[in-house]
Amino acid sequence: RLEQSPYSVALTSAQLESFGKVSHQLALHLATGSRHFGNPALQRTLCKAFMQKAFHKLKTALTALASAQAEQPGKPPDASLEAAVKAALGNLVDLFFAKFNTDLARWQQEHAGANTASVVATQTPLQEILDAKGGDRRTVFTYAELFGLFITEFERLQLPKRELRSFLNEIPVVPMQAFKMLEAQCLVAGTRKMALLTVLSLLESKPSARWHGLRLLFWLAYSGNEDSSVRFDTIRLTINKIFSPGPRAPMRWQLPHLSEKEVAPLVATAENGGHNWDLDDGEYLPLQLLKGRCVEDLATVMLRSIAAADAKFAHPVKGASQLETLRSNLFKGSVCAPKDRVWLYLALCIKRPVLLHGLVETFSQCQQDMKEHLINSIEEALKYIPPSEPELLTLVKKAAPETEPLVIKMLHILVQTSRGKEQLSNEYGAAACRLYNITNNARLLVPVFDLIDRKSLLDFLPAVMMLEESEVTIAFQQFVRSKNPPLSIAELITELHHMNSPSENVVPVKASMQALNIIFSMRDQFDTKVYGIVVQALVEESGPLPTLFMRSVIQVVKEVPRLSDFLVMQILPRLVRQEVWGSDQLWKGFMLVLQHTFDSQSGGAARVLAMLPMSQLEDVLVQHPDWKNHLRDYVARQPAGGVAPHVRQLLQ
């Protein structure tokens with residue numbers, strides 16, 4: 001405390017600095033030296049006094065730095081003030097190093113015996129020495145207790161949490177108390193972000209803290225805490241800051257959809273890092289393993305825990321025994337509900353899509369309620385995965401009947417995420433058709449309706465038409481929006497009409513009417529001249545007209561006025577030549593078209609009337625006497641012999 005004494009004025013600045021260094025070393029020696037092992041109370045008092053002095057300097061330096069930043073916001077922090085903060089924090093770090101070294105040296109001296117120094121070093125029970133579990137506070141003052149004193153003073157002074165992170169990264173060993181403290185901070189929204197970032201920092205810079213940090217993160221990610229934000233914030237940190245997708249070869253259990261022959265060139269082997277990664281006791285967890293296999297393996301094991309009790313997976317997860325211990329400890333505590341154990345795995349799938357195959361395998365092993373949950377949840381991953389990702393196509397190609405519901409949902413999501421971008425590959429259509437040929441579930445074809453080859457589309461069209469209105473609408477919407485459909489819209493509408501004829505109904509008339517209504521409701525998305533092409537093609541075909549032909553003509557006349565002239569001038573005369581009155585249904589529709597167009601197309605309609613035989617014309621004029629004047633005007637404009645004699649006769 002010389003700087004507070006009057007004697008300090010008698011020393012030069014260089015002498016004061018030298019005296020400070022000596023005093024610092026002497027204080028550390030007095031506080032942690034071996035001479036006080038027999039008097040833990042004195043050692044505790046000396047350490048507390050040293051710590052309070054160091055904290056006073058740290059608080060002063062932090063206050064000065066904060067004031068400078070407040071006065072000049074936006075400017076870089078003053079280097080000298082930052083150095084003062086670092087130096088003050090360094091005093092505390094020095095205290096912990098001194099305590100650490102002294103405690104270890106004492107234990108090794110007491111247990112050396114005839115062993116060499118290297119043997120003693122490898123056999124030193126580090127955590128046992130630092131924690132002294134079960135030790136009497138009256139007879140021992142431990143490293144862990146020193147850390148407790150630090151935390152008490154740190155929280156009393158309400159120092160910034162970022163300084164705690166710096167401190168933990170500097171001290172020789174992070175005790176278990178630190179992780180319990182970080183756990184408590186993670187459960188509080190206001191301190192969670194800083195605490196999680198501190199755990200991340202420890203994982204990256206302190207190999208000795210990795211297992212403890214990993215246990216904490218997984219406990220938070222799978223805890224039964226009612227506050228779901230704890231889980232999701234932890235998962236977000238794990239995905240964005242910790243997990244690394246590779247590149248690395250997949251493991252055998254990550255490719256359950258492939259045969260042994262197919263998987264041989266793809267799967268990881270012992271030579272390329274695919275072996276079990278058991279670690280010896282006391283061995284540190286390599287950072288690369290932590291960020292890759294470790295996260296993946298535990299997420300896989302937790303995902304599989306949602307499956308039915310009698311589930312049988314194709315291949316076991318061969319990870320570290322330490323990871324299995326971690327998993328079992330999770331279930332001994334308050335673990336989250338099965339439905340919440342999928343989120344970390346789904347998030348991993350975004351960064352490493354090959355993991356989707358494990359998700360699909362788990363789906364096939366679940367009870368129905370959990371299957372529904374996975375179907376509803378998978379969008380959270382798929383909407384962030386590019387539709388061009390090869391694993392997605394492989395997943396559909398390898399789909400089995402038991403995974404069909406999940407595949408259908410996936411196809412719908414992929415269609416949505418690819419909209420406005422590059423169209424999905426036609427291979428999706430072929431893959432869906434393959435599965436449809438096994439299950440006969442036409443819902444498989446709906447999202448890929450525009451990706452199916454021409455022959456398959458024509459073969460499967462009746463099955464799609466028999467689906468619910470919403471499903472048919474989605475299928476036709478896909479078709480209308482397609483840049484490269486397997487057939488034109490005119491051909492599709494024509495095929496819909498061919499489903500019903502006087503001699504055969506491929507599908508019920510009601511289903512065809514629904515399909516035609518749906519495509520007609522989308523007419524603003526294509527050129528309505530298509531209907532003119534369809535009607536002309538149908539009327540020119542040999543044989544009887546389709547059952548719903550005239551219904552469509554009436555619909556077009558009412559809703560697409562621009563085609564009225566074409567219908568009256570081109571289609572109705574053809575129907576007359578085909579003796580449309582031979583069918584009561586067609587004749588009735590024919591008359592409705594005439595009624596709807598007579599006012600706007602009186603000349604063309606009169607021309608059609610003049611083509612009718614005497615009996616039919618007479619009946620029409622009886623039902624519509626007001627048409628006689630229009631017909632008379634038309635006949636008057638025609639040359640002699642331009643109309644049949646019976647027409648002039650009926651007009652007299």
Side-chain angles (χ1 to χ4, degrees), residues 490 493-494 497-498 500-503 509 513 516 520 523 527-652:
I493 298 174
T494 301
H497 282 90
H498 285 160
N500 306 94
S501 67
S503 60
V509 173
M513 289 173 62
L516 286 168
F520 191 77
R523 63 188 180 278
D527 191 342
T528 50
K529 288 182 180 178
V530 162
Y531 279 97
I533 297 171
V534 170
V535 171
Q536 185 166 9
L538 291 173
V539 82
E540 290 177 351
E541 291 178 351
S542 60
L545 289 167
T547 304
L548 296 177
F549 169 81
M550 194 55 74
R551 177 184 180 275
S552 293
V553 174
I554 295 169
Q555 197 173 35
V556 171
V557 165
K558 289 182 177 180
E559 302 295 337
V560 191
R562 58 183 292 214
L563 292 179
S564 295
D565 181 67
F566 168 76
L567 293 173
V568 172
M569 299 302 293
Q570 300 294 327
I571 303 304
L572 294 187
R574 286 181 175 274
L575 292 175
V576 172
R577 287 193 285 272
Q578 293 183 17
E579 300 183 353
V580 66
W581 52 85
S583 166
D584 291 341
Q585 183 181 10
L586 289 175
W587 178 245
K588 183 178 179 181
F590 180 89
M591 290 303 299
L592 287 173
V593 173
L594 275 178
Q595 291 175 37
H596 197 79
T597 59
F598 216 97
D599 291 338
S600 61
Q601 307 286 334
S602 57
R607 173 173 170 265
V608 173
L609 289 179
M611 298 174 65
L612 293 174
M614 184 170 183
S615 175
Q616 280 70 36
L617 178 58
E618 186 175 11
D619 289 344
V620 169
L621 293 178
V622 169
Q623 296 175 31
H624 301 280
D626 53 313
W627 290 0
K628 185 175 289 189
N629 290 333
H630 293 287
L631 180 59
R632 185 177 287 112
D633 292 341
Y634 170 77
V635 171
R637 294 193 300 272
Q638 304 305 310
V643 294
H646 70 270
V647 177
R648 296 182 186 276
Q649 179 183 346
L650 287 173
L651 292 175
Q652 292 178 354

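Hydrogens, waters and symmetry mates play no part in the numbers below; they use all other heavy atoms, side chains included. All residue numbers refer to positions in the sequence shown, counting from 1.
Atom-to-atom distance recorded for Met614:CE and Gln649:CD is 4.0 Å, nearest 0.5 angstrom. Separating the CG atom in Asp633 from the CG atom in Leu651 is a distance of 10.0 Å, to the nearest 0.5 Å. In this structure, CZ in Phe566 is found 11.0 Å from NZ in Lys529, a value given to the nearest 0.5 Å. The line from CG of Leu575 to OG of Ser583 is 10.5 Å long, rounded to the nearest 0.5 Å. Interatomic distance, Ile533 CD1 to Leu538 CG, rounded to the nearest 0.5 Å: 12.0 Å. Separation of atoms OG1 (Thr494) and CZ (Phe549) is listed at 10.5 Å; rounding is to 0.5 Å.
A heavy-atom distance below 4.5 Å is not found between the side chains of Leu609 and Tyr634. The shortest distance between side-chain heavy atoms of Arg648 and Val635 falls below 4.5 Å. Considering only heavy atoms from C-beta on, Gln578 comes within 4.5 Å of Val539 through its side chain. By the 4.5 Å heavy-atom criterion applied to side chains, Glu618 and His646 are not counted as neighbours. Residues Met569 and Gln601 fail the side-chain proximity criterion, which asks for heavy atoms closer than 4.5 Å. Residues Val593 and Ile571 are not in side-chain contact: their nearest non-hydrogen atoms beyond the backbone lie 4.5 Å or more apart. In this structure, Leu631 and Lys628 have side chains that are not in contact, with every pair of non-hydrogen atoms separated by 4.5 Å or more. Side-chain contact between Phe520 and Val556: present, with at least one pair of heavy atoms (C-beta onward) separated by less than 4.5 Å.
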- [ ] Take Gln555 and Tyr531, measure what side-chain contact (heavy atoms from CB on, under 4.5 Å) needs, and give me the verdict at the end.
- [x] CA-CA 10 Å; Gln555 197 173 35; Tyr531 279 97; 5.7 Å; no
Open item on the list: Quick one, Ile554 with His596, criterion side-chain contact (heavy atoms from CB on, under 4.5 Å). Give me CA distance, side-chain angles, the key distance, then yes/no.
Closed with: CA-CA 8 Å; Ile554 295 169; His596 197 79; over 6 Å; no
Open item on the list: Show, in sequence, the C-alpha distance, side-chain angles and deciding distance for Gln570 and Val535, and conclude whether the side-chain contact (heavy atoms from CB on, under 4.5 Å) test is met.
Closed with: CA-CA 10 Å; Gln570 300 294 327; Val535 171; over 6 Å; no
- [ ] In sequence, state the C-alpha distance, the side-chain angles, and the governing distance for Val620 and Leu612, and then conclude on side-chain contact (heavy atoms from CB on, under 4.5 Å).
- [x] CA-CA 9 Å; Val620 169; Leu612 293 174; 4.1 Å; yes
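When all heavy atoms of Ser564 and Val557 are compared, the pair lying nearest together is OG-O, 3.9 Å. Summarising the geometry of Leu567 relative to Pro573, their closest heavy-atom pair is O-CD, 4.4 Å, with the distance given to 0.1 Å. What you find for Met611 and Val576 is that their closest heavy atoms are O-CG1, 3.5 Å. Annotation for Met550 and Leu586: closest pair CE-O, 3.8 Å, computed over non-hydrogen atoms. Across every non-hydrogen atom of Leu545 and Pro502, the tightest pair is O-CD, 3.5 Å.
The local environment of CD in Gln585 is sparse, with at most 12 non-hydrogen atoms from other residues, nucleotides or ligands closer than 6.0 Å. Within 6.0 Å of the CG atom in Asp626, the count of heavy atoms belonging to other residues, nucleotides or ligands exceeds 12.
Defined by atom type and a distance below 3.5 Å, a donor-acceptor pair is present between the side-chain atoms of Glu541 and His498.
Ring planes of Trp627 and Phe598: parallel class, angle under 30° (limits at 30 and 60°).
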